[in-house]
Amino acid sequence: VNLKIMPAIFINPSNDEHQQLLKKLDIQNQDLRIFVSDKLPKDFIEKLPGKKALGAIEDNSHISTASAGAYCAIYYEDPDNQLRKVFLDSIKDSSVQRIIWISTKEPSKEILEIKNLVYVKYVEKISYIEKVLELEEVEEIKDSIIYLK
């Protein structure tokens with residue numbers, strides 16, 4: 001499997017760190033897609049590389065529809081934890097083969113039961129960019145939780 005041509009989607013980019021990660025992902029992956037909240041400023045959205053889908057980030061059907069055809073889905077969980085159920089529901093409705101979940105929160109049992117999901121737990125000020133790039137392109141993921149400290 002040539003993962004470089006397998007579509008990847010990043011769900012919920014919302015800050016400058018995501019912009020940096022997406023620029024590197026865009027180089028690494030020939031088919032980068034992004035699902036971004038339509039509530040974010042236009043100038044931020046315009047700076048994001050890849051094919052963009054805008055919609056209601058709180059609507060799991062918008063996310064699963066945007067994920068159609070993607071091999072890898074990278075979810076960024078907001079620090080206030082409001083999107084967890086939405087993300088879980090969108091994963092159940094999607095056909096993605098690999099899920100990378102980035103969060104500062106502890107994973108729930110429900111998240112860890114999802115096949116082909118790796119949970120990247122990080123603390124503020126610790127970069128997860130290189131880890132996500134590595135996980136997006138490896139043939140097989142062995143860990144289900146990675147703690148970055």
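The residues of the chain are indexed from 1 along the displayed sequence.
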Apply the side-chain contact (heavy atoms from CB on, under 4.5 Å) test between I74 and each candidate in I11, I34, I102, V120; give the one that qualifies.
I102
Under the side-chain contact (heavy atoms from CB on, under 4.5 Å) rule, what do Y128 and L21 come out as? Steps first, then yes or no, please.
CA-CA 9 Å; Y128 45 78; L21 170 58; 4.3 Å; yes
Taking the basic N atoms (NZ, or NE/NH1/NH2) and the acidic carboxylate oxygens, is any pair closer than 4.0 Å for E17 and K125?
no
As a quick check of understanding, evaluate side-chain contact (heavy atoms from CB on, under 4.5 Å) for D59 and V86, giving each step before the final call.
CA-CA 7 Å; D59 187 331; V86 173; over 6 Å; no
Side chains of I111 and F87: does their closest heavy-atom pair fall under 4.5 Å?
no
Judged by atom type as modelled, is there a donor-acceptor pair below 3.5 Å linking the side chain of D89 to the main-chain atoms of N60?
no
Under a 3.5 Å distance rule, please check whether H62 uses its side chain to pair with a backbone N or O of A56 as donor and acceptor.
yes
Report yes or no: do V138 and L32 belong to one cluster of Ile/Leu/Val/Met/Phe/Trp/Tyr joined by side chain heavy-atom distances under 4.5 Å?
yes
I'd like to check I91 versus W101 (side-chain heavy atoms, cut-off strictly below 4.5 Å). Are they in contact?
yes
With a 4.0 Å cut-off, would you call K39 and E58 a salt bridge?
yes
Flag yes if more than 12 heavy atoms outside K51 fall under 6.0 Å of its NZ atom; otherwise flag no.
yes
Contact summary for D78 and N12, nearest pair of heavy atoms
N-ND2, 4.2 Å
Considering all heavy atoms, the nearest S67-S94 contact:
CB-CB, 4.4 Å
For Y75 and S90, what are the C-alpha separation, side-chain angles and deciding distance, and is it a side chain to side chain donor-acceptor pair (under 3.5 Å)?
CA-CA 10 Å; Y75 284 81; S90 75; 2.9 Å; yes
Measure the shortest side-chain to side-chain distance between Q20 and I129 over non-hydrogen atoms and say whether it is less than 4.5 angstrom.
yes
Spatial distance of atom OG (S64) from atom CG (D93) [nearest 0.5 Å]
4.5 Å
Of the non-hydrogen atoms in A53 and A66, which two are nearest, and what is the gap between them?
CB-CB, 4.0 Å
Minimum heavy-atom separation for V123 to K149, with atom names?
CG2-CA, 4.3 Å
Carboxylate-amine/guanidinium proximity below 4.0 Å for D31 and R33
yes
ring-ring contact (aromatic ring centres under 6.0 Å, His included) involving Y76 - partner list, sequence neighbours excluded:
H18
Carboxylate-amine/guanidinium proximity below 4.0 Å for E77 and K105:
no
Should C72 and I100 count as side-chain neighbours, where that means a heavy-atom distance under 4.5 Å?
yes
Taking side chain as C-beta onward, heavy atoms only, is K121 less than 4.5 Å from I146?
no
K42 to F44 six-membered ring, cation-pi geometry met (6.0 Å, 45°)
no
Does a salt bridge link E136 with R98, judged by any charged N lying under 4.0 Å from a carboxylate O?
no
Trace of the side-chain contact (heavy atoms from CB on, under 4.5 Å) decision for E113 with S108
CA-CA 9 Å; E113 287 172 350; S108 67; over 6 Å; no
P13 versus L48, closest heavy-atom pair with distance:
CG-CD1, 3.9 Å
Would you kindly say whether Y119 and S144 are connected by a side-chain donor-acceptor distance under 3.5 Å?
no
CG of N29 to CE of M6, rounded to nearest 0.5 Å, is 9.5 Å
N15 vs Q19 side-chain heavy atoms within contact, under 4.5 Å:
no
Would V96 and Y71 count as a side-chain contact (heavy atoms from CB on, under 4.5 Å) here? Give the steps.
CA-CA 5 Å; V96 294; Y71 175 79; over 6 Å; no
Could you state whether V118 and L148 fall into the same hydrophobic cluster, counting links through intermediate Ile, Leu, Val, Met, Phe, Trp or Tyr residues with side-chain heavy atoms under 4.5 angstrom apart?
yes
Residues L25 and L133: closest non-hydrogen pair is N-CD2, 3.7 Å
Carefully, step by step, assess E130 and K24 under the rule salt bridge (charged side-chain N to carboxylate O under 4.0 Å, His left out).
CA-CA 9 Å; E130 294 307 316; K24 291 181 177 185; 3.3 Å; yes
